[in-house]
Student: 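What follows is a single structure, and I will ask about it in a moment.
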There are 2 protein chains.
Amino acid sequence: MAQATGPSRSHPATLSDVARLAGVSVATASKALNGRSQVRAETRQRVIEAAERLSFRPNQVARGLLAGRTGTVGLLTSDLEGRFSIPILMGAEDAFGAGEVAVFLCDARGDAIREQHHVRALLGRRVDGLIVVGSRTDPRPSLGRELPVPVVYAYAPSDDTEDLSIVPDNVGAGRIAVDHLLACGRTRIAHITGDPGYLAARERAEGAGAALADAGLTLVGRPRFGAWSEGWGRAATAILLDQHPDVDAVLCGSDQIARGVIDVLRERGHRVPEDVAVMGFDNWRVLTSASRPPLTSVDMNLEQVGRAAAHALFTAIGGARRSGVESLPCRVVIRGSTAPLS
Amino acid sequence: MAQATGPSRSHPATLSDVARLAGVSVATASKALNGRSQVRAETRQRVIEAAERLSFRPNQVARGLLAGRTGTVGLLTSDLEGRFSIPILMGAEDAFGAGEVAVFLCDARGDAIREQHHVRALLGRRVDGLIVVGSRTDPRPSLGRELPVPVVYAYAPSDDTEDLSIVPDNVGAGRIAVDHLLACGRTRIAHITGDPGYLAARERAEGAGAALADAGLTLVGRPRFGAWSEGWGRAATAILLDQHPDVDAVLCGSDQIARGVIDVLRERGHRVPEDVAVMGFDNWRVLTSASRPPLTSVDMNLEQVGRAAAHALFTAIGGARRSGVESLPCRVVIRGSTAPLS
DNA sequence: AAACGAACCGAAAAGGCTTTCAGAGACGCT
DNA sequence: AGCGTCTCTGAAAGCCTTTTCGGTTCGTTT
């Protein structure tokens with residue numbers, strides 16, 4: 001039943017086309033299509049049919065001009081490459097897409113100038129709000145208070161506490177990770193993690209330490225900061241085993257580190273998880289499921305962060321402003337690399 | 001020098017605000033700011049200063065309504081999760097961002113219904129064009145010929161040859177991969193790759209076979225199709241070594257497979273690259289640089305694909321329509337896992 | 001029969017911008 | 001002085017939709 005001649009490449013139908021075809025005025029056509037009550041049912045039907053025949057889609061641009069709200073938001077990422085931005089972005093896109101909001105994507109490539117440029121461009125397009133997604137949890141410069149639209153920061157909080165930021169709770173993440181290891185009966189727990197220049201690394205270590213203290217324990221040695229790489233995981237494990245051969249769990253700052261740790265443990269003849277339990281961080285599927293055994297990991301619920309940011313922005317557009325840093329809980333995803341001591 | 005009272009949260013300045021402040025009409029103000037020639041230099045200067053004082057940014061929505069072109073495009077991905085979409089998206093965003101085009105991001109989550117919904121929404125916003133990004137290189141259903149704006153398909157080509165699609169040249173990729181191994185003096189080359197349901201897997205195998213044939217050689221055994229996982233890489237390697245212990249190179253269908261291959265090779269006492277050279281596919285940094293040794297891999301130049309798609313769309317909006325499937329060359333990134341036989 | 005609501009419809013304005021066209025000065029020429 | 005020519009400027013139309021408000025038609029009430 002293909003239509004012989006669709007509307008095709010000519011100008012899309014406008015409301016006045018519909019009105020003409022239905023034999024009413026544009027005003028009536030508008031009311032009919034928008035469910036306004038001052039239209040006779042029969043007339044409304046005629047208009048709807050006309051609209052369908054012309055496959056009329058109301059021009060959101062015109063609508064936006066009139067309403068003062070465009071139904072668009074800007075999503076400003078600092079680097080798409082980083083794998084943390086993507087899930088957040090997905091969550092936000094998802095939360096908005098369900099409504100009638102469209103998302104402009106802008107990647108600043110970590111450059112402040114480019115970021116400014118994008119902000120200007122987005123404001124020129126009269127977005128109703130902005131979400132700023134960072135690639136690390138360290139605070140970042142605020143876009144300022146003088147913007148004409150609300151802004152929500154996701155993952156990387158703003159350094160201005162008047163702004164609203166949504167971040168994962170990395171201290172809590174450290175706690176629940178250790179809690180899981182304790183629940184598995186482990187007591188000699190080491191922590192190998194990434195670059196100490198990252199707040200995430202320091203906070204996770206802090207949380208881990210606090211959970212251990214609550215149980216009357218301490219970490220085996222100090223937290224071993226280094227790099228977010230497999231290489232560091234391997235190197236640190238070698239040292240760890242030399243110093244503390246009796247360790248029975250290693251909490252790692254990332255899944256990459258964890259893979260390095262597991263490799264060296266196996267090479268040195270330690271069984272995972274029987275002798276040593278290993279936990280990662282980030283719950284990055286490629287790494288967790290490919291490792292032997294599959295890796296227990298902490299998931300930061302980044303999609304959730306994205307959705308929460310979208311939701312917060314939505315309510316802020318509605319007028320309800322919040323501020324401060326709100327942190328969302330993380331969760332432990334249990335796989336084969338951790339198990340109770342038998 | 002902070003301004004005491006910025007434009008802040010009040011309505012952004014409009015052109016008529018600027019005109020009033022400069023003491024001219026909106027028409028003149030418009031011409032002055034847009035570089036039209038029919039304005040005295042002195043008047044223009046006055047207008048520009050007024051615009052600056054009010055930090056005036058022209059309303060792109062109004063401009064779009066008038067011009068009939070909005071300076072926006074829709075970027076329709078089928079799944080953001082997949083790692084192939086991201087670089088393409090970055091490339092496209094980059095190519096457009098440099099100009100004055102803004103990108104609407106929509107993720108269909110692999111659902112045709114949702115895709116349709118997004119297309120409708122985007123057309124309602126009067127995007128000037130559409131880029132459809134797929135997650136595998138197998139052809140996908142066309143959006144149809146009746147759309148009012150040009151469409152370019154990236155990575156996953158349309159099944160309608162009247163559409164324009166930009167894809168990586170996977171056959172060529174298989175060729176250059178084998179060429180590199182041949183250049184390293186390898187002659188007993190095996191191919192372990194992923195799911196044969198993927199066109200990419202079949203095409204790469206085809207290209208590899210062709211390059212070998214050109215050299216008067218054949219693969220060691222047949223291409224070993226399986227899954228895109230480390231696990232399959234390990235399993236296939238075990239079988240391969242049993243059947244052909246003299247193999248001197250393994251071309252893998254993905255970096256994940258390659259990591260599995262390398263692991264088993266090492267465990268069985270084969271040195272990489274001295275005894276066996278190993279190549280991956282996709283050039284996925286996390287995997288290539290973390291493996292021991294770092295992995296030589298074929299990069300599909302996906303950012304390039306994204307940029308090319310953006311560029312093609314741009315010219316199509318300008319009126320120059322192309323059609324068919326255009327494939328872009330891949331490149332070999334050489335790291336430690338391949339080296340000349342000494 | 002006159003008046004009154006209710007129900008329905010359409011003209012017009014608004015939103016911010018660009019462009020066209022006509023008008024206003026300024027200037028030089030005959 | 002009168003005329004044509006430039007150079008600037010501004011009024012107004014147009015883009016597409018929504019909303020307000022005034023007008024018309026009916027049926028109902030006194």
Student: Could you check how far CZ of A:Arg46 sits from C1' of C:dC8, rounded to whole Å?
Tutor: 12 Å
Student: Is any side-chain N or O of B:Asn34 closer than 4.0 Å to OP1 or OP2 of C:dT18?
Tutor: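 B:Asn34 to C:dT18 OP1/OP2: side-chain N or O found under 4.0 Å.
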Student: Measure the distance from CD on A:Gln38 to P on D:dC26 and round it to the nearest whole Å.
Tutor: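 Value for this atom pair: 19 Å.
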Student: OP1, OP2 of C:dG16 versus side-chain N and O of B:Arg63: anything below 4.0 Å?
Tutor: no
Student: What are the two closest non-hydrogen atoms of B:Ala62 and A:Leu65, and how far apart are they?
Tutor: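 Closest pair (atom of B:Ala62, atom of A:Leu65, distance): CB-CD1, 3.8 Å.
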Student: Looking across every strand, which nucleic acid part, if any, lies under 4.0 Å from A:Val61 by heavy atom: base, sugar-phosphate, or nothing?
Tutor: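 Counting heavy atoms under 4.0 Å across all strands, no contact is made by A:Val61.
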Student: Any idea how B:Phe314 and B:Phe96 line up, ring-wise: parallel (<30°), tilted (30 to 60°), or perpendicular (>60°)?
Tutor: tilted
Student: Between D:dC15 atom P and B:Arg125 atom CZ, what is the distance in whole Å?
Tutor: 22 Å
Student: Should A:Thr43 be listed as having a side-chain N or O under 4.0 Å from OP1 or OP2 of C:dC9?
Tutor: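 Answer yes for this pair, as a side-chain N or O of A:Thr43 is under 4.0 Å from OP1 or OP2.
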Student: Within this structure, what is the CG-to-P distance between A:Leu65 and D:dT18, rounded to whole angstrom?
Tutor: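 Whole-Å distance recorded here is 12 Å.
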Student: Donor-acceptor check, side chain of B:Tyr153 to backbone of B:Val325, threshold 3.5 angstrom: yes or no?
Tutor: no
Student: Using atom CD of A:Glu42 as one end and atom C1' of C:dA7 as the other, report the distance to the nearest whole Å.
Tutor: 14 Å
Student: Under 3.5 Å, is there a donor-acceptor pair linking the side chains of A:Ser327 and A:Asp169?
Tutor: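 On atom types as modelled, these side chains do not qualify, holding no pair under 3.5 Å.
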Student: Taking the side chain of B:Leu66 as heavy atoms from C-beta outward, which of D:dT18, D:dC16, C:dC17 is closest to it?
Tutor: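 In terms of side-chain proximity for B:Leu66, the closest of D:dT18, D:dC16, C:dC17 is C:dC17.
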Student: Can you tell me the distance, in whole Å, between the CZ atom of A:Arg20 and the P atom of C:dG10?
Tutor: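 So the CZ-P distance, A:Arg20 to C:dG10, works out to 14 Å.
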Student: Give a yes/no answer on whether the side chain of B:Ser30 brings an N or O atom under 4.0 Å of OP1 or OP2 in C:dT18.
Tutor: yes
Student: Mapping A:Pro58 and B:Ala27 onto DNA chain D by nearest heavy atom, which one lands closer to the 5' end?
Tutor: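 First, find each residue's nearest nucleotide; the 5'-ward one identifies B:Ala27.
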Student: So, A:Arg36 side chain and A:Asn34 main chain: donor-acceptor pair closer than 3.5 Å or not?
Tutor: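 Pair found, side chain donor or acceptor close to backbone of A:Asn34.
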Student: Return the value, rounded to whole Å, for the distance between atom CZ of A:Arg40 and atom P of C:dA6.
Tutor: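 Checked: the CZ to P distance equals 19 Å.
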Student: Is the distance from OP1 or OP2 of D:dG10 to the nearest side-chain N or O of B:Thr28 less than 4.0 Å?
Tutor: yes
Student: Judged by modelled atom types alone, do B:Ser142 and B:Asp159 share a side-chain donor-acceptor pair under 3.5 Å?
Tutor: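 Result is no, nothing qualifies.
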Student: If you check every side-chain atom of A:Thr14, which of D:dT17, C:dC17, D:dT9 has the closest atom?
Tutor: D:dT17
Student: Given D:dG10, D:dC15, D:dT17, which nucleotide is nearest the side-chain atoms of A:Phe56?
Tutor: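 Of the candidates, D:dT17 comes closest.
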Student: Atom CZ of A:Arg69 and atom P of C:dG15: how far apart are they, to the nearest Å?
Tutor: 17 Å
Student: Side chain of B:Lys31, heavy atoms from C-beta onward: which of D:dT19, D:dT18, C:dT20 has the nearest atom to it?
Tutor: C:dT20
Student: Please determine, for the side chain of B:Ser25, which listed nucleotide (D:dA11, D:dC16, C:dG10) has the closest atom?
Tutor: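 Given the options D:dA11, D:dC16, C:dG10, the side chain of B:Ser25 is closest to D:dA11.
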Student: Hey, which of these two, A:Arg36 or B:Gly23, hits DNA chain D nearer its 5' end, going by closest nucleotide?
Tutor: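 Residue closer to the 5' terminus by nearest nucleotide: B:Gly23.
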